Visitor: 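Take a look at this one; I'll ask things after.
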There are 2 protein chains.
Amino acid sequence: MDIQIGLRETLIAAALRILETESEEPTLRSVARAAGVSAMAPYRHFPDKAGLMAAVANRGFEMLRSVLVIADDKPDPREAVFAQGMAFIDFARANPALFRLMYSHQYGHAGIDAVRDTYDVLARRIASILPMHAVTAATLACRSLVQGMATIELAGRLAPAERDDVAVALGLFVSGLGAGLG
Amino acid sequence: MDIQIGLRETLIAAALRILETESEEPTLRSVARAAGVSAMAPYRHFPDKAGLMAAVANRGFEMLRSVLVIADDKPDPREAVFAQGMAFIDFARANPALFRLMYSHQYGHAGIDAVRDTYDVLARRIASILPMHAVTAATLACRSLVQGMATIELAGRLAPAERDDVAVALGLFVSGLGAGLG
DNA sequence: CTCCAGAAGTATACAATGTAAACTCAATCA
DNA sequence: TGATTGAGTTTACATTGTATACTTCTGGAG
């Protein structure tokens, strides 16, 4: 008796595997093919293609969160924030297609739970540096900064010279954290 | 004798008009239909759909640049940087579909000229605040910050409470500009 | 055991999309 | 005049997401 995992999980895994190698969003049919089922089989487990993709994106946020948690393991808070930022960008570089899927507006209204968990790791760290009233804004700023650098780089809009500035820019931001309060 | 504008321009204008109303990327056929020509006519002026979309994105960057130039018209440099940042985000909010198109990775390797011009407006301002060696990184950081906030908001990943923090976060960043140097 | 209801998957069909190939037709120029 | 060429059309095709209708298997209720 084999270990049986449902088709639902198989489909998500197949989609993730395709996202690793292809740079475009997979077609529903290609995912079904990779899972060894017919083109209509996924509809037994997801309402439509967007439903499957939202589940995949959710999985992506869980992966991202675990990466951030590991990066966060530093004694110095600013160092931890910096490490989280770099880990975020490295994740985007390593999984460009998945990363784009995660922030595609088409799937924005599903799987919000995983997103919040993901950014809590950062918010908690920033709360240990800044006064309470500045935490949400600073967290948003940090999140946006790395998100923006990742988006710009993945869109091919970064000159080669600027590519090295990513870490510098993040360092600049982290150093400046808390400077503009009063 | 009427003023004759070529089909090329008509197609770009039609695509821009569709992008204003629809939230999805227009189909090539819908653009052709809006321009009153057959589905194959665009191929006389663009190598493929990506070619047309790249031209449209380029137009978007020109529009964005002119918005930034206007916002930049302030005596205080930091105020000007802040205004540019808000203008950037407002542009994304007002033209979500066009904005997404501009940063779609599929068209990343066309129209790089307009992109550079766009960010020169910001780089010049930052050069008036920071020492030379920090300008490129700080410009990248600022650009990324607003890009990230726009992307996150357009992806529907911003809680309503956080939406008001966008301006706060940008202000925080601008105030902190230059704090981490030494 | 029988039977059958529902779950899970398949086969087929269809409309929309990007694009290749072949055609039309007017303007240009030897 | 007559060939050429640029601009557009028509037709055709593979690929996609998905609706509809079919099959097949399984786990109880009688």
Side-chain angles (χ1 to χ4, degrees), chain A residues 1-19 21-58 97-98 100-102 104-111, chain B residues 1-19 21-58 97-98 100-102 104-111:
Chain A
M1 58 207 193
D2 287 348
I3 297 172
Q4 295 280 8
I5 72 170
L7 179 55
R8 186 189 160 93
E9 283 306 310
T10 306
L11 287 168
I12 294 175
L16 283 169
R17 206 165 334 114
I18 295 175
L19 281 166
T21 55
E22 309 291 325
S23 93
E24 308 292 322
E25 180 174 312
T27 67
L28 184 55
R29 291 168 107 109
S30 74
V31 176
R33 219 175 300 135
V37 295
S38 77
M40 290 305 292
Y43 287 92
R44 284 286 139 190
H45 303 270
F46 301 97
D48 53 12
K49 186 191 177 188
L52 168 55
M53 289 315 182
V56 173
N58 224 323
L98 174 59
R100 274 192 293 262
L101 180 68
M102 288 161 61
S104 163
H105 76 290
Q106 303 176 60
Y107 317 119
H109 290 293
Chain B
M1 63 200 191
D2 287 347
I3 297 173
Q4 294 281 9
I5 70 171
L7 178 56
R8 185 189 160 93
E9 284 304 312
T10 306
L11 287 168
I12 294 175
L16 283 169
R17 206 168 331 116
I18 294 175
L19 281 166
T21 55
E22 309 291 325
S23 91
E24 307 294 321
E25 179 174 315
T27 68
L28 184 55
R29 292 168 108 108
S30 73
V31 176
R33 218 175 300 136
V37 295
S38 75
M40 289 305 292
Y43 287 91
R44 285 285 139 192
H45 303 270
F46 301 97
D48 53 11
K49 186 192 176 186
L52 168 55
M53 288 316 182
V56 172
N58 225 324
L98 174 58
R100 274 191 293 261
L101 180 68
M102 288 162 62
S104 163
H105 77 289
Q106 304 177 59
Y107 317 119
H109 290 292

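These figures come from a predicted structure and were not determined experimentally. Chain naming here is simple, since letters A, B, ... match the order of the sequence lines and numbering starts at 1 in each.
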Visitor: Once side chain to side chain contact (heavy atoms under 4.5 Å, CB included) is applied, do any residues pair with A/A13, and if so which ones, sequence neighbours excluded?
Guide: A/R17
Visitor: For nucleotides 22-28 of chain C, print each protein N/O atom paired with a nucleotide N/O atom at under 3.5 Å, atom names and distance only.
Guide:
none

Visitor: Report, as a single string ordered 5' to 3', how protein heavy atoms within less than 4.0 Å touch nucleotides 15-21 of chain C: B base, S sugar-phosphate only, - not at all.
Guide: --BBBBB
Visitor: According to side-chain hydrogen bond (donor to acceptor under 3.5 Å, both in side chains), who are the partners of B/E22, at least two apart in sequence or on a separate chain?
Guide: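 Listed in chain order: nothing, the list is empty.
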Visitor: Scan nucleotides 23-28 of chain D against the protein and return all N/O pairs shorter than 3.5 Å with their distances rounded to 0.1 Å.
Guide:
none

Visitor: Per the side chain to side chain donor-acceptor pair (under 3.5 Å) rule, what does the pair list look like for residues 37-57 of chain A, sequence neighbours excluded?
Guide: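 Listed once each, the pairs are A/E25-A/K49.
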Visitor: Any side-chain heavy-atom pair from A/S104 and A/M53 closer than 4.5 angstrom?
Guide: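 Contact flag for A/S104/A/M53 side chains = no.
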Visitor: Once side chain to side chain contact (heavy atoms under 4.5 Å, CB included) is applied, do any residues pair with A/A39, and if so which ones, sequence neighbours excluded?
Guide: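 Per chain and number, A/A39 pairs via side chain to side chain contact (heavy atoms under 4.5 Å, CB included) with A/R29.
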Visitor: Could you tell me how far apart B/F46 (CZ) and D/dA7 (C1') are, to the nearest whole angstrom?
Guide: 14 Å
Visitor: Check this one for me: any side-chain N or O of A/H45 less than 4.0 Å away from OP1 or OP2 of C/dG9?
Guide: yes
Visitor: With a 4.5 Å cut-off on side-chain heavy atoms, are B/E24 and B/R100 touching?
Guide: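 Side chain of B/R100 against side chain of B/E24, heavy atoms only: no contact under 4.5 Å found.
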Visitor: Mark yes or no for whether A/T10, through its side chain, and A/G6, through its backbone, hold a donor-acceptor pair below 3.5 Å.
Guide: yes
Visitor: Could you pull out all residues at least two apart from A/S30 that satisfy side-chain hydrogen bond (donor to acceptor under 3.5 Å, both in side chains)?
Guide: A/T27
Visitor: Using side-chain heavy atoms (C-beta onward) and a distance below 4.5 Å, is A/F46 in contact with A/R8?
Guide: yes
Visitor: Which residues satisfy the side-chain hydrogen bond (donor to acceptor under 3.5 Å, both in side chains) test with A/E9, sequence neighbours excluded?
Guide: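 Once residues adjacent in sequence are excluded, the partners of A/E9 under the side-chain hydrogen bond (donor to acceptor under 3.5 Å, both in side chains) criterion are A/R59.
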